[in-house]
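Have a look at the structure below before the remarks.
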Amino acid sequence: MSHYEFGAYNPAAIEKKWQKIWEDNNTFEPSKDYSKPKFYGLIEFPYPSGNGLHVGHPRSNTAMDIICRKRRMEGYNVLFPIGWDAFGLPTENFAIKNKIHPEIVTKKNIERFKKQLKMLGFSFTWSSEVSTTDPEYYHWTQWIFLQLYKAGLAYKAEMPINWCTSCKVGLANEEVVNGVCERCGGEVIRKVKSQWMLKITEYAQKLIDGLDTVDFIEKVKTQERNWIGRSTGAEVDFKIKGTDDNIRVYTTRPDTLFGATYMVISPEHKYIDKYKDQITNFDEVAAYRDAASKKSEFERTELAKDKTGVELKGIVAINPVNGKEIPVWTSDYVLSSYGTGAIMAVPAHDDRDFEFAKKFNIPIIQVVGGCDIKDAAFTDINSGTMINSGFLDGLTVAEAKKKIIEYLEEKGIGTGKVNFKLRDWVFSRQRYWGEPIPIVICPKCGYVPLEEKDLPLLLPMIDNYVQTDSGESPLVNVPEWVNTKCPCCGGPAKRETDTMPQWAGSSWYFIRYTDPKNDKALASQEAMKYWLPVDWYNGGMEHTTLHLLYSRFWHKFLYDIGVVPCPEPYQKRTSHGMILGENGEKMSKSRGNVVNPDDIVSEIGADAFRLYEMFMGAFDQPIPWSTDGARGCYRFLERVYKLMKFVTDEKEISKEHEKGVNITIKKVTEDYEKMKYNTAIAAMMSLVNEFYSSNSLSKGDLAALLKLLYPVCPHITEEMWQLVELPGAVHEQKWPVCDESKTVPSEVEIAIQILGKIKARINVPASLDRNQLSEYVLTNETVKELIGDKTVRKVIAVPGSLVNIIV
RNA sequence: GCCGAUGUGGCGGAAUUGGCAGACGCACCGCACUCAAAAUGCGGCGAGAAAUCGUACCGGUUCGAGUCCGGUCAUCGGCACCA
């Protein structure tokens with residue numbers, strides 16, 4: 001039928017051909033004309049691991065490639081950059097094990113990743129490529145650290161690290177498995193070390209408020225808000241009997257103060273040592289404190305486990321509102337890092353306190369009435385009124401909270417207080433493969449920041465990057481690097497040997513992308529003003545509370561000091577689900593269920609691979625891989641390719657398919673924007689099935705399909721466009737627009753329900769409104785028969801859908 | 001444990017957000033083509049003989065619930081030094 005010549009679908013040849021054409025013509029290079037409307041699409045830059053590309057990477061990449069290719073067809077100037085988050089632990093560990101320098105390992109891994117990404121045909125802005133490990137890049141990571149330091153947001157504090165007692169090295173949390181060292185099985189303890197910290201808590205409120213100004217999916221906002229954990233309550237002082245000292249507690253329920261029957265301080269609380277002599281069972285308390293130091297916070301706060309604790313015998317506290325003497329305990333469920341490290345316990349109205357009180361036979365006093373506290377604490381703050389609470393009696397919880405805070409402030413024994421769960425960011429690593437912290441430690445001047453002109457502070461090339469026995473970074477073994485002059489007094493001084501965590505480089509990379517070669521600043525004001533903020537950032541849910549929050553913090557800080565032009569880095573944030581192995585478990589070497597993208601592409605090609613990754617299921621849900629499913633997508637592309645057999649010369653959309661084509665344009669356009677790629681592809685499959693049932697389609701019909709499919713499968717669509725001699729190239733076309741008038745049918749089938757059960761289906765004119773439909777249906781013979789001699793009480797009509805008759 | 005999600009055929013999933021449950025695909029079965037097989041095309045495919053019953057489980061709201069409410073169970077992501 002067709003006069004077009006074409007052979008069998010050969011993805012390998014087609015994909016190579018078009019990738020070369022795009023590259024040779026710089027097809028996807030954004031314009032420098034900053035007057036055009038812009039779109040900045042971003043995916044999380046990969047960590048170039050030694051395992052090569054994971055099938056999970058292309059899921060996010062393809063999704064954003066689809067949006068970016070569509071945006072170009074809509075007339076936008078598009079930035080879609082790629083880079084490498086290349087500092088980090090796995091590379092360093094690999095380097096140590098195999099005695100290859102991390103820099104060489106990193107270079108090799110990046111090359112492999114690059115080749116793999118190029119084979120998949122993403123329309124990346126390769127000219128913007130950056131790597132966090134390049135000195136020209138980390139120059140500015142260090143520069144940002146200096147600004148944070150100057151603003152008082154970087155400081156030193158004593159913080160615990162995981163310490164393997166047998167390897168004598170600091171361990172990452174991931175390297176601690178079931179409380180022992182992953183490598184040697186040795187005991188892991190928490191060892192305190194002086195470390196650099198960043199004051200993210202100072203930005204807690206701004207980070208919450210900013211969420212109201214951006215378009216993030218709701219679950220991301222919720223999780224960030226909960227992680228920051230703002231609560232309003234009060235700090236209250238409880239006098240230690242017979243002393244001038246107070247134990248200050250933070251509570252979110254000051255309204256229940258009359259119900260406080262004991263106090264708990266964290267095992268690390270300073271009063272334990274201060275009152276050593278008064279505490280008659282100090283040995284027991286000290287033993288408990290040692291045991292607690294071996295547990296992680298995670299273990300300590302688990303509600304399921306049995307509560308443990310020791311009473312501090314010999315000291316008692318006084319409840320400031322009623323003067324009652326109450327015992328003081330220490331227990332590991334109270335953390336020194338949250339609030340004041342001490343709590344007042346109200347067992348009647350807090351689950352953990354209730355359990356603790358039951359176990360240790362401490363009195364329970366109910367202070368919110370109208371509930372039963374025999375078996376469990378009553379914690380609902382929206383019902384009940386105060387009892388046993390003196391001047392608060394009869395008030396609701398909310399009223400009581402307000403009144404007690406006024407009372408505490410008036411008497412000077414407490415204040416209203418906002419608290420956050422968010423903690424400051426531990427910014428030091430005792431590792432080699434990270435950005436050196438640009439600080440000099442001078443015996444005379446203390447911590448002295450490097451001058452900006454001396455950046456970047458290069459990471460020295462060394463042979464031995466194993467941590468030292470003292471737990472210091474391997475950099476301490478490089479005297480020619482460590483020993484330096486103080487930038488302030490010129491005297492002998494030493495460099496900070498800790499390095500930055502991997503999160504540093506990833507906290508601002510999207511800024512560098514806008515102007516990656518700039519050697520005067522992070523990026524030019526002009527480039528940042530045009531490209532920022534990122535219009536759409538897609539990434540994994542697992543990055544919500546760390547990477548996403550850290551980068552928002554840095555960006556807000558840079559905004560406050562006038563470096564970046566907008567207060568939020570990302571306008572929109574979406575999230576993809578993880579791809580699991582064929583057995584439904586997480587892909588991992590040890591499980592033997594890893595799928596290699598190279599194998600899939602060599603079998604079915606990049607287009608079918610991309611198509612499958614978008615079709616396999618809901619984009620935001622985790623999903624198991626199926627190689628059979630991927631092959632099905634290849635078959636679909638073969639069917640598309642063979643459509644050229646039936647294509648006629650008619651340039652317009654054919655009468656026969658105008659409804660199908662227009663419905664598909666509408667569905668695909670809407671679904672791409674909502675990232676509902678699976679249903680968009682299903683709609684295109686239905687259209688292709690329709691073309692096959694009629695064995696005929698016009699060139700216009702095919703052109704519409706090719707434009708819709710192009711963002712997912714760019715190679716095959718470009719090729720077919722050329723083979724059937726359509727003018728230009730697909731990527732140069734305008735995005736198709738649905739002609740709504742062609743999608744409305746004249747008749748629709750609706751369901752007839754009697755008492756909510758479906759009894760029949762009939763065809764009715766599509767134009768009927770609610771009332772007309774009720775009337776129309778009741779005159780229908782089939783319906784009359786179904787009703788019989790019963791009385792019609794009510795008719796509920798839903799145009800286009802159903803009519804429910806109540807008899 | 002805490003925070004956030006999810007639960008629908010043999011499998012992945014769909015359902016205009018309260019209105020015909022199972023779109024589309026995988027697997028499987030049948031037919032056509034073939035000497036035959038593969039490939040391809042076409043058709044079937046929740047259970048049940050049927051009435052009917054079916055969206056993890058128990059209960060509720062509603063003319064009507066996969067969707068909303070209360071409770072339970074299971075699975076997944078995160079829990080601050082993996083990235």
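Fair warning: this is a prediction, and the values are worked out from it, not measured in the lab. The chains referred to below are lettered A, B, ... by the order of the sequence lines, with proteins before strands, and numbering in each begins at 1.
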Choose from B:rC81, B:rG4, B:rG25 the nucleotide whose nearest atom is closest to any side-chain atom of A:Thr222. B:rG4

Does A:Glu92 contact B:rC82 through a side-chain donor or acceptor facing the base, at a distance under 3.5 Å? no

Using a 3.5 Å cut-off on both pairing distances, which stems of three or more Watson-Crick or G-U pairs include RNA chain B? B:1-7 with B:73-79, B:10-12 with B:24-26, B:28-32 with B:40-44, B:56-60 with B:68-72

What is the nucleic acid contact for A:Asp85, judged by heavy atoms within less than 4.0 Å: base, sugar-phosphate only, or nothing? sugar-phosphate

Scan A:Gln195 against the nucleic acid and name what it touches under 4.0 Å (heavy atoms): base, sugar-phosphate only, or nothing. base

Whole-Å distance separating the CD1 atom of A:Ile623 from the C1' atom of B:rG13: 7 Å

Criterion side chain to side chain donor-acceptor pair (under 3.5 Å) against A:His576, the qualifying member of A:Asn538, A:Asn61, A:Asp620: A:Asn538

Sugar-phosphate only, base, or nothing, as touched by A:Leu171 at under 4.0 Å among non-hydrogen atoms: base

Syn versus anti for B:rU72, judged by chi lying within 90° of 0? anti

All N/O donor-acceptor pairs, side-chain side in residues 43-54 of chain A, below 3.5 Å, sequence neighbours left out:
unit_1  : atom_1 : unit_2   : atom_2 : d
A:Glu44 : OE1    : A:Gly540 : N      : 3.2
A:Glu44 : OE1    : A:His543 : ND1    : 3.1
A:Glu44 : OE2    : A:Gly540 : N      : 3.4
A:Glu44 : OE2    : A:His543 : ND1    : 3.3
A:Glu44 : OE2    : A:Arg573 : NH1    : 3.3
A:Glu44 : OE2    : A:Arg573 : NH2    : 2.8
A:Tyr47 : OH     : A:Thr91  : N      : 2.9
A:Tyr47 : OH     : A:Thr91  : OG1    : 2.7
A:Ser49 : OG     : A:Asn51  : N      : 3.2
A:Asn51 : OD1    : A:Lys589 : NZ     : 3.1
A:His54 : ND1    : A:Gly56  : N      : 2.7

What's the CD-P distance between A:Glu218 and B:rC3, to the nearest Å? 17 Å

When all nucleic acid strands are considered with a 4.0 Å heavy-atom cut-off, which category describes A:Arg431: base, sugar-phosphate, or nothing? nothing

Measure up the A:Tyr612 and A:Trp625 rings against each other and bin them: parallel (under 30°), tilted (30 to 60°), perpendicular (over 60°). perpendicular

To the nearest angstrom, the CE-C1' distance between A:Met500 and B:rC82 comes to 20 Å

Has the side chain of A:Glu613 got a donor or acceptor atom that lies under 3.5 Å from a matching backbone atom of A:Arg59? yes

Is the closest side-chain heavy-atom distance between A:Ile762 and A:Val803 below 4.5 Å? no

Send over the distance from A:His547 NE2 to B:rA80 P, rounded to a whole Å. 18 Å

Within the 4.0 Å heavy-atom criterion, would you say A:Lys666 contacts the bases, only the backbone, or no part of the nucleic acid? nothing

Who pairs with A:Glu224 by side-chain hydrogen bond (donor to acceptor under 3.5 Å, both in side chains), at least two apart in sequence or on another chain? A:Arg552

Between P of B:rG1 and OH of A:Tyr338, the distance in whole Å: 20 Å

Mutual orientation of the aromatic rings belonging to A:Tyr9 and A:Tyr641 [parallel < 30°, tilted 30-60°, perpendicular > 60°]: tilted

Would you please confirm or rule out a distance under 4.0 Å between OP1 or OP2 of B:rG4 and any side-chain N or O of A:Asn226? yes

Go through B:rC82, B:rG78, B:rG19 for me and flag the one nearest to the A:Glu542 side chain. B:rG78

Just confirming the chi classification of B:rG30, syn or anti, using 90° around 0 as the syn window. anti

Nearest to the side chain of A:Arg423, which nucleotide is it out of B:rA5, B:rA80, B:rC3? B:rA80

B:rA27 C1' sits how many Å from A:Tyr612 OH, rounded? 13 Å

What is the minimum heavy-atom distance between A:Pro501 and A:Phe427, and which atoms define it? CD-O, 3.0 Å

Name the nucleic acid region contacted by A:Leu802, choosing base, sugar-phosphate or nothing; use a 4.0 angstrom heavy-atom cut-off, strictly under. base

If only side-chain N and O atoms of A:Arg429 are considered, is one of them under 4.0 Å from the OP1 or OP2 phosphate oxygen of B:rC82? no

From C-beta outward on A:Leu89, which listed nucleotide comes closest to its side chain: B:rG19, B:rC82, B:rC81? B:rC82

Rounded to the nearest angstrom, tell me the gap between atom CH2 in A:Trp503 and atom P in B:rA83. 7 Å

Can you tell me how far C1' of B:rG13 sits from CE of A:Met685, to the nearest Å? 12 Å

Any base atoms under 4.0 Å from A:Lys794, or only sugar-phosphate, or nothing? Heavy atoms, all strands. nothing

